[in-house]
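Since the structure comes first, as structure tokens, the remarks are kept for the end.
We count residues from 1, following the sequence as given.
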Amino acid sequence: MKAELPAVTLPGGRQVPALGLGTWHMGESRASAAQEAASLRAGLDLGMTVIDTAEMYADGGAETVVGDAIRGRRDEVFLVSKVLPHNASRAGTIAACEASLERLGTDHIDLYLLHWRGRYPLADTVEAFERLKAEGKIGAWGVSNFDEADMKELLGVAEPARPMANQVLYNLARRGIEYDLLRWSQVQGIPIMAYSPLDEGRLIGHPVLDEIGRIHNAGGAQIALAFLLTKAGVIAIPKSGSPERVRENFKASEIRLTSEDLRLLDEAFPPPTRKRPLEMI
């Protein structure tokens with residue numbers, strides 16, 4: 001029997017797994033598309049039902065891969081996609097969402113995010129999000145790459161509507177949000193989606209992660225993911241193009257890091273002691 005994945009409760013009460021599936025860099029090659037779709041299906045088989053994508057990824061190619069992967073299984077999936085800032089006008093957001101829906105082969109996206117801030121007023125984008133929600137084309141909306149000040153501004157603009165999540169760069173090597181944004185988000189009840197949780201692979205092979213991994217009969221990447229799973233209200237979305245690697249990522253949910261493990265991680269990857277600009281990749 002497979003382990004139960006830890007869960008994060010979204011605003012409104014729905015629970016989703018704290019470990020999902022990213023798709024950045026998927027759909028860039030027709031030759032690898034079938035294996036990429038297979039890796040997403042392998043994740044669904046394990047209960048990793050959050051799939052994150054975006055119109056930006058491979059100019060829609062990743063959404064096409066996701067559409068292939070979820071065909072016949074749409075009801076299992078909590079589907080996340082994003083609108084590019086230059087499309088995020090009132091009319092542009094609606095058109096972008098409809099194009100994403102077509103590529104995804106579905107009639108609704110569970111969570112639709114503004115990929116990062118652009119030139120259009122937040123009020124215009126939020127108005128479009130609320131219209132899409134009213135029409136049933138999205139279940140909820142949120143943002144990506146917003147720092148605490150951006151989030152406070154957004155709450156003021158959107159009231160009484162609220163964002164469902166904020167997706168940001170967060171991993172052991174990039175812990176800046178722990179100084180302020182993470183705690184603020186936890187208090188507000190707005191989940192953080194951690195993209196590039198392995199720092200685009202740069203954390204793989206780190207000696208401290210590998211050392212802790214040996215204690216737990218695991219790899220260093222699994223330790224890096226297990227660290228994020230200790231954080232309340234955080235959903236990690238590692239991308240993997242192979243079913244085998246997805247299964248390895250899943251095993252991170254079975255690891256229980258000790259206080260000594262966490263001390264060693266803090267020593268190797270010191271938490272922030274001052275405000276840092278929000279990092280992006």
Side-chain angles (χ1 to χ4, degrees), residues 8-14 16 20 24 50-57 60 62-63 66 77-104 106-170 177 180-195 233-235 237 277-280:
V8 169
T9 302
L10 301 173
R14 180 170 178 175
V16 297
W24 193 8
V50 175
I51 297 182
D52 175 78
T53 191
E55 67 171 345
M56 184 189 84
Y57 302 163
E63 289 181 323
V66 171
V77 181
F78 185 81
L79 184 58
V80 185
S81 195
K82 309 180 197 73
V83 57
L84 280 162
H86 64 253
N87 287 333
S89 64
R90 285 189 189 93
T93 299
I94 289 163
C97 181
E98 289 170 347
S100 287
L101 289 170
E102 191 167 331
R103 287 188 291 269
L104 290 161
T106 185
D107 62 357
H108 72 287
I109 292 166
D110 295 291
L111 177 59
Y112 196 43
L113 308 178
L114 173 61
H115 211 147
W116 64 89
R117 289 196 73 166
R119 62 188 171 92
Y120 291 109
L122 291 176
D124 290 6
T125 309
V126 169
E127 189 179 312
F129 282 157
E130 285 294 312
R131 182 175 150 192
L132 287 165
K133 192 174 165 185
E135 293 173 353
K137 292 174 181 174
I138 66 172
W141 59 267
V143 292
S144 181
N145 297 301
F146 272 46
D147 208 347
E148 184 180 346
D150 299 308
M151 290 300 291
K152 288 177 177 175
E153 182 184 340
L154 176 67
L155 291 190
V157 164
E159 196 176 1
R162 282 172 70 85
M164 178 78 75
N166 181 18
Q167 185 176 131
V168 297
L169 177 63
Y170 180 36
I177 70 165
D180 52 0
L181 177 62
L182 178 58
R183 285 181 292 181
W184 181 88
S185 301
Q186 289 166 334
V187 169
Q188 291 288 330
I190 300 171
I192 290 284
M193 296 185 73
Y195 75 79
V234 172
I235 303 164
I237 46 169
L278 187 70
E279 292 187 86
M280 292 173 60

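With Asp110 contributing its side chain and Ala140 its backbone, the two residues share no donor-acceptor pair below 3.5 Å. In terms of modelled atom types and a separation under 3.5 Å, the side chain of Thr93 and the main chain of Thr125 share no donor-acceptor contact. With hydrogens and angles disregarded, a donor-acceptor distance shorter than 3.5 Å links the side chain of Glu55 to the backbone of Leu84.
Taking both residues in full, the closest heavy atoms of Ile190 and Ala165 are given as CG2-CA, 3.8 Å, listed atom of the first, atom of the second, then distance. Between Pro191 and Pro11, the shortest heavy-atom contact is CD-CD, 3.6 Å. Summarising the geometry of Leu79 relative to His108, their closest heavy-atom pair is CD2-O, 4.2 Å, with the distance given to 0.1 Å. Nearest heavy atoms, Met56 versus Trp24: CE-NE1, 4.3 Å. For the pair Leu111 and Gly142, the tightest heavy-atom approach, listed with the atom from each and the gap, is CD1-N, 3.9 Å.
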Checklist entry - Can you list the steps and then say if Thr53 with Val80 is a side chain to side chain contact (heavy atoms under 4.5 Å, CB included)? => result CA-CA 6 Å; Thr53 191; Val80 185; over 6 Å; no
Next on the checklist: Let's go through Tyr195 and Met280 carefully: what are the C-alpha distance in whole Å and the side-chain angles of both, what is the deciding distance for side chain to side chain contact (heavy atoms under 4.5 Å, CB included) to 0.1 Å, and is it a yes or a no?
Outcome noted: CA-CA 10 Å; Tyr195 75 79; Met280 292 173 60; 3.9 Å; yes
Item to check | CA sep, side-chain torsions, deciding dist, call: Arg162, Gln188, side chain to side chain contact (heavy atoms under 4.5 Å, CB included) | outcome: CA-CA 10 Å; Arg162 282 172 70 85; Gln188 291 288 330; 3.0 Å; yes
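Side-chain contact between Glu63 and Ser81 is present, with heavy atoms from C-beta onward closer than 4.5 Å. Taking the side chain as every heavy atom from C-beta outward, Ile177 and Leu278 approach each other to under 4.5 Å. Looking at Leu113 and Phe146, their side chains never come closer than 4.5 Å, going by heavy atoms from C-beta outward. Counting only heavy atoms from C-beta outward, the side chains of Tyr120 and Leu114 never approach each other to under 4.5 Å. In this structure, Met193 and Ser144 have side chains that are not in contact, with every pair of non-hydrogen atoms separated by 4.5 Å or more.
Partners of Arg131 according to the salt bridge (charged side-chain N to carboxylate O under 4.0 Å, His left out) rule, which considers only residues two or more places apart in sequence or in another chain, are Glu135. Remark: Glu102 engages no residue in a side-chain contact (heavy atoms from CB on, under 4.5 Å) (not counting sequence neighbours). Evaluation of the salt bridge (charged side-chain N to carboxylate O under 4.0 Å, His left out) rule for Arg117 yields Asp150, Glu153 as partners, not counting sequence neighbours. For Glu148, the side-chain contact (heavy atoms from CB on, under 4.5 Å) test picks out Lys152, Asp180, Leu181, Trp184, with sequence neighbours left out.
The stretch residues 78-90 participates, sequence neighbours left out, in these salt bridge (Lys or Arg N to Asp or Glu O under 4.0 Å) pairs: Asp52-Lys82, Arg90-Asp124, Arg90-Glu127. Applying the salt bridge (Lys or Arg N to Asp or Glu O under 4.0 Å) rule to pairs touching residues 91-100 yields Glu98-Lys137, sequence neighbours excluded.
Tested against Leu182 for a side-chain contact (heavy atoms from CB on, under 4.5 Å), the candidates Val187, Val168, Val234 yield a single pass: Val234.
Note on ring orientation: taking the six-membered ring where Trp is involved, the planes of Trp141 and Phe129 are parallel (angle under 30°, cut-offs 30° and 60°).
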